[in-house]
Amino acid sequence: MSLPAVAFNHGVASGDSLADRVILWTRVTPTDALPRTIDRVPVQVTVARDREMREVVAKFDASTGPDSDFCVKVDAVGLQPDTWYYYQFSVGSQRSSIGRTRTFPTSSAATERARFAVVSCSNYAFGLFSVYKAVSDHADLDFVLHLGDYVYEYGPGEYGDFPGREPLPPHEMIELADYRQRYAQYRTDPHLQAVHQQFPMICIWDDHESANDSYVGGAENHDEATEGDWAKRKAASIQAYHEWLPIREHPTDPERIWRNFAFGNLIDLFMMDTRLEGRDQQVSSPSDPARFSADRRLISEDQLGWLVAGLTDSSARWRMIGQQVMFAELNIARTVDVAKTLGLEDETEFNGQLAALNVDQWDGYVADREVILQTLADNGIDNTVIFTGDIHTSWANEVYADSGNLLENSLTTPLAAEFVTPSVTSPGLPDGVAELAELAVPVANPHMKYVELKTPGFMLVDVTLERTQAEFYYVRNITSEDDIGKIDPAKTKVVGVDDGNSSIYQDRALSEPRALRTAMFHPPVRTAVS
């Protein structure tokens, strides 16, 4: 057959690494014909052990077309565990850039270290992806966790107005074509491409991949009277997500993205969906007693049972949970009282910010949280670390059975620790409010050991048999091309937990990069070869 001319404008990506396989992704863009006139495009992906692509270990054939927005996903099976690979897509003699990926160690393999980045909340219209550049510069990472809000649904000027980064299409995305175009725009960003090109990504969606504050039956930012049926919009958002992200899809249920990964005997990682598959609508305020109802669900019974069984059965050194919304309790009333003693004059903006967070988080769905806490307590499960995104701010929280019981908690150890990653670009609290809240929150909530509420950045997590350490790195700004990827070292913060103790430590030395930096072997970020 005659092959169309194509370009690989959106780079390459990999994700969902297992011990013997990894998802490989690209998108082919027809350049000499209208996409609707093309039926299928045959694509081949080559996997090799070297970046020159000479030590070929596998080739996989695939095809794509308009029905998948010309995206290509291949589950590259039959690979060796705990191994770095390079891969490249081709359509005839037309070739993509070269990507780098890895398989994970088998669950029984003795594994002493893992190193990964955690990111979330990357709004194209709010500024430059300086954080992604900073992540790609840490080239000895094993993988990247993306905890959601990979794209945002809003139209121009609705949530972000950085010059030259107006969202496409130029209106809120509602239809499948809208979601596809928005992903395509994001994936032209060179710094996001660099992250995908160098590391496998493990991702979950949050709300903005569909619409703000979404739940099973609707969303705050969806009006059925003017925007149509929610089920249709949700299905469109899910389809585009699966097309554009290197995620391994469930064979029968496209809405199921909760899944687990083993990184040797060091980590069992459980990736949850607290947004679309089981969530009841949010309550109206933190004072609504309905949030304590035993019938109120944040996740489905199936997902809750899966998580409880996984935590209980795990024999890894560390049990880690990747999820969207803050798990630890945030006592708003007490926080506002403390803020008043610190000189807060107008609590409207301050309290409104915190209350909006609270009802969307696990605080609005207390019964499900209690099941998880009871599971940890009853089974003596330690070394549990929760990673969270969503709220554009940084937190290090100790998780107790009852965070409000200050006296009892002073005499017990936490059940788990939670580290909340800052955003890539989306805004935190405004100046003035942020600084006051940073003082008030830990006083009113002593289990919240570190709070930073306004600066974009990411977490670098370094895991050993002895400890899990989370290092908060913040970029200088997201507005200057000259500062792309540059870290503000004065803001860097180290927190962590030791093996067998979920009490959070602070301000130890930064972890050392690997002695043999995989950066020595990673391919340069470059345009496709044709």
Side-chain angles (χ1 to χ4, degrees), residues 10 13-18 21-27 62-77 145-153 173-184 186-187 196 200-219 221-222 224 227-261 269-280 297-307 310 322-324 389:
H10 302 94
S14 68
D16 276 16
S17 298
L18 300 178
R21 66 193 63 196
V22 62
I23 297 291
L24 304 178
W25 178 97
T26 195
R27 187 194 191 236
S63 65
T64 188
D67 58 335
S68 57
D69 202 22
F70 292 93
C71 295
V72 183
K73 286 169 69 172
V74 172
D75 204 349
V77 300
L145 283 187
H146 201 299
L147 298 181
D149 293 344
Y150 185 98
V151 298
Y152 279 71
E153 80 273 25
M173 54 185 190
I174 298 172
E175 306 288 341
L176 177 59
D178 303 335
Y179 286 98
R180 286 171 163 175
Q181 188 175 5
R182 190 68 54 88
Y183 278 103
Y186 275 57
R187 293 296 286 272
H196 278 299
M201 180 177 284
I202 298 174
C203 59
I204 47 177
W205 58 53
D206 194 12
D207 52 344
H208 291 291
E209 287 90 346
S210 52
N212 182 55
D213 284 357
S214 50
Y215 53 94
V216 167
N221 192 31
H222 181 77
E224 293 213 347
E227 296 175 325
D229 180 59
W230 166 248
K232 180 180 178 182
R233 181 177 182 178
K234 182 170 74 168
S237 72
I238 289 172
Q239 179 176 338
Y241 187 88
H242 283 307
E243 289 171 348
W244 280 88
L245 271 294
I247 180 174
R248 184 175 289 104
E249 298 171 40
H250 190 273
T252 61
D253 184 0
E255 293 193 14
R256 176 173 171 171
I257 61 167
W258 38 280
R259 61 207 194 281
N260 58 287
F261 301 88
L269 172 64
F270 303 92
M271 300 295 287
M272 298 181 65
D273 175 12
T274 64
R275 183 56 65 182
L276 288 183
E277 68 90 41
R279 177 193 278 259
D280 292 325
R297 309 315 302 251
L298 180 62
I299 57 179
S300 68
E301 291 188 14
D302 285 346
Q303 185 179 175
L304 185 59
W306 162 83
L307 179 64
Q323 53 101 49
Q324 295 86 344

Would you please name every residue forming a side-chain hydrogen bond (donor to acceptor under 3.5 Å, both in side chains) with Asp69, sequence neighbours left out?
Arg27, Trp244
Kindly write out the residues that satisfy side chain to side chain contact (heavy atoms under 4.5 Å, CB included) with Gln303, not counting sequence neighbours, or none if the list is empty.
Trp258, Met272, Asp273, Glu277, Ile299, Ser300, Trp306
Mind checking side-chain hydrogen bond (donor to acceptor under 3.5 Å, both in side chains) for Gln324 and listing every partner two or more places apart, or none if nothing turns up?
Thr274
With Lys73 as reference, evaluate Leu245, Ile247, Leu24 under the side chain to side chain contact (heavy atoms under 4.5 Å, CB included) test and give the passing residue.
Ile247
In this structure, CZ of Arg187 is separated from CH2 of Trp25 (nearest 0.5 Å) by 4.0 Å
All salt bridge (charged side-chain N to carboxylate O under 4.0 Å, His left out) counterparts of Glu227, not counting sequence neighbours:
Arg233
Would you name the heavy atoms of Ser14 and Val22 that are closest together and state the gap between them?
CB-CG2, 4.2 Å
Side chain to side chain contact (heavy atoms under 4.5 Å, CB included) involving Tyr215 - partner list, sequence neighbours excluded
Arg279, Gln281, Gln282
Under the rule for ring-ring contact (aromatic ring centres under 6.0 Å, His included), what residues qualify as partners of His208, not counting sequence neighbours?
Tyr152, Tyr154
Nearest 0.5 angstrom please: Ser237 OG to His242 NE2, how far?
9.5 Å
What's the spacing between Asn221 CG and Asp213 CG if we round to 0.5 Å?
9.0 Å
Any residue meeting side-chain hydrogen bond (donor to acceptor under 3.5 Å, both in side chains) with Arg180, in chain and number order, not counting sequence neighbours:
Glu243
Can you name the residues that form a side chain to side chain contact (heavy atoms under 4.5 Å, CB included) with Thr64, not counting sequence neighbours?
Val28, Val41, Val43, Ser68, Phe70, Val72
Please find the pair of heavy atoms, one from Leu269 and one from Gly322, that lie closest to each other, and give the distance.
CD1-N, 4.1 Å
Please list, chain by chain and in numerical order, all residues satisfying ring-ring contact (aromatic ring centres under 6.0 Å, His included) with Trp230, sequence neighbours excluded.
His222
Using 0.5 Å steps for rounding, measure from the CE atom of Met271 to the CD1 atom of Ile202.
6.5 Å
Evaluate the side-chain proximity of Tyr241 to Glu249: yes if any heavy-atom separation is below 4.5 Å, no if none is.
no
Smallest separation among heavy atoms of Ala219 and Ser214, with atom names
CB-CA, 3.6 Å
Rounded to the nearest 0.5 Å, what separation is found between the CD atom of Glu255 and the NE2 atom of His250?
12.0 Å
Hits for salt bridge (charged side-chain N to carboxylate O under 4.0 Å, His left out) against Glu224, two or more places apart or cross-chain, chain-then-number order -> none
Identify whether the distance between the nearest side-chain nitrogen and carboxylate oxygen of Arg259 and Asp16 falls below 4.0 Å.
yes
Do the non-hydrogen side-chain atoms of Asp207 and Asp149 ever get within less than 4.5 Å of each other?
yes
Once ring-ring contact (aromatic ring centres under 6.0 Å, His included) is applied, do any residues pair with Phe261, and if so which ones, sequence neighbours excluded?
none
Taking every non-hydrogen atom, the tightest pair across Ala62 and Val74:
CB-CG2, 3.8 Å
Please find the pair of heavy atoms, one from Val216 and one from Lys234, that lie closest to each other, and give the distance.
O-NZ, 3.1 Å
Would you mind checking if Arg275 and Glu209 are paired as a salt bridge, meaning a charged N to carboxylate O distance below 4.0 Å?
no
All side-chain hydrogen bond (donor to acceptor under 3.5 Å, both in side chains) counterparts of Asp229, not counting sequence neighbours
none
All heavy atoms of Ser210 vs all of Leu276, minimum pair found to be OG-CD2, 3.9 Å
